[in-house]
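Beneath this line is the structure, given in structure tokens, with notes to follow.
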Amino acid sequence: MNKLDESLLTGLPPFSRLERPQIREILDQATPKRHDEGAEVFREGEEADRFFLLLDGYVRVVRTTPTGDQMVLRHIAPGQLIGIAPALGRTTYPATATAASEALTLAWPTRLWPGFVTRYEGFATETWATLGRRMQELNDHLAELATKAVEQRVASAVLRMVNQTGRKVDGGIEIAFPVTRANIAEMTGTTLHTVSRLLAAWEKDGIVESRRKHIVVTAPHRLVLLSGAGG
DNA sequence: TCATTAAAGGGTC
DNA sequence: GACCCTTTAATGA
């Protein structure tokens, strides 16, 4: 079996303070896996027997409501830990993670978690920081859902994706993974029809350009204004 | 202001 | 051709 290259982990926040032998040790315990677009990485309610590092690609985190509706909670960019139920004191995954684009992960058995936290300098601190950021985002998102109008919510959701996963392209910033109108509807608690109409209107105003599953924000500051940030 | 319903066209496999 | 993604219009809460 091929050994994983140490450069995969060097520089990533959870491992940035570690020496080579420690990184080697961590990699030797990891199982790499490729996920096709749409494939599940882990499922809500399952026994959390592994935690993951997203090496490449994007992951969509989704919860299903009792009525069967899906709610998209967040998107994860490469370099982040996911499925870290043990850090939350849980034994099952709180949400389902699916590959938003073709993705590559490393997985470790959850039983190794306590050892990672105690043995590896900076690992715990970075994990807490990640959890803190996600908590902050959730708070913002919740306040937004409760108080903002649909157009503001959709604008915020698009901006969130741009900020977390955007890449520069000619004429703007592109969301780096395939997104449908329905996906955005599931992030904002509206319908795909409303999202479609909003994007069409924004495109007419020169704020975005979109093709199927593909959005480029050409005037981010105007989207910020629409999102109602700062008033 | 926004959801629902319906109809239709283009894309992709 | 089947199925998915998207657009558009009409209707009504």
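Below, read A as the first sequence line, B as the second, and so on, with proteins coming before strands; counting in each chain starts at 1.
If you check every strand for non-hydrogen atoms under 4.0 Å, A:Gly189 touches sugar and phosphate atoms only. Among the atoms of the strands shown, none is found under 4.0 Å from any heavy atom of A:Leu199.
Taking atom NE2 on A:His214 and atom P on B:dT12, their separation rounds to 13 Å, with Å as the unit. Following rounding to the nearest Å, A:His193 (NE2) and C:dT7 (P) show an atom-to-atom distance of 12 Å. The interatomic distance linking A:Glu203 (CD) with C:dT8 (P) rounds to 10 Å, in whole Å. Across the protein-nucleic acid pair, A:Ile184 atom CD1 and C:dC5 atom C1' stand 12 Å apart, rounded to whole Å. Note: CD (A:Glu37) to P (C:dC4) measures 14 Å, nearest angstrom. The CG atom of A:Leu192 sits 15 Å away from the C1' atom of C:dC3 (whole-angstrom rounding).
If you check the side chains of A:Arg134 and A:Gln80, you find a donor sitting under 3.5 Å from an acceptor.
Where A:Thr180 and A:Arg197 each meet DNA chain C at their nearest nucleotide, the meeting point lying more 5' is that of A:Thr180.
Here A:Thr194 reaches the OP1 or OP2 of B:dA3: one of its side-chain N or O atoms lies under 4.0 Å away. The side chain of A:Thr191 contributes no N or O atom lying less than 4.0 Å from OP1 or OP2 of B:dC2. Remark: A:Arg212 is not in phosphate contact with C:dC4, judged by side-chain N or O atoms under 4.0 Å from OP1 or OP2.
Two residues are said to be in side-chain contact when any heavy atoms from C-beta on lie closer than 4.5 Å; A:Trp108 and A:Leu53 meet this criterion. Annotation: side chain of A:Leu9 is not in contact with side chain of A:Leu4 (no heavy-atom distance under 4.5 Å).
Of the candidates B:dC2, C:dT8, C:dC5, C:dC5 carries the atom nearest the A:Lys213 side chain, counting heavy atoms from C-beta on.
Within the structure, the salt bridge (Lys or Arg N to Asp or Glu O under 4.0 Å) test picks out the following pairs touching residues 109-119 of chain A (sequence neighbours left out): A:Glu25-A:Arg119.
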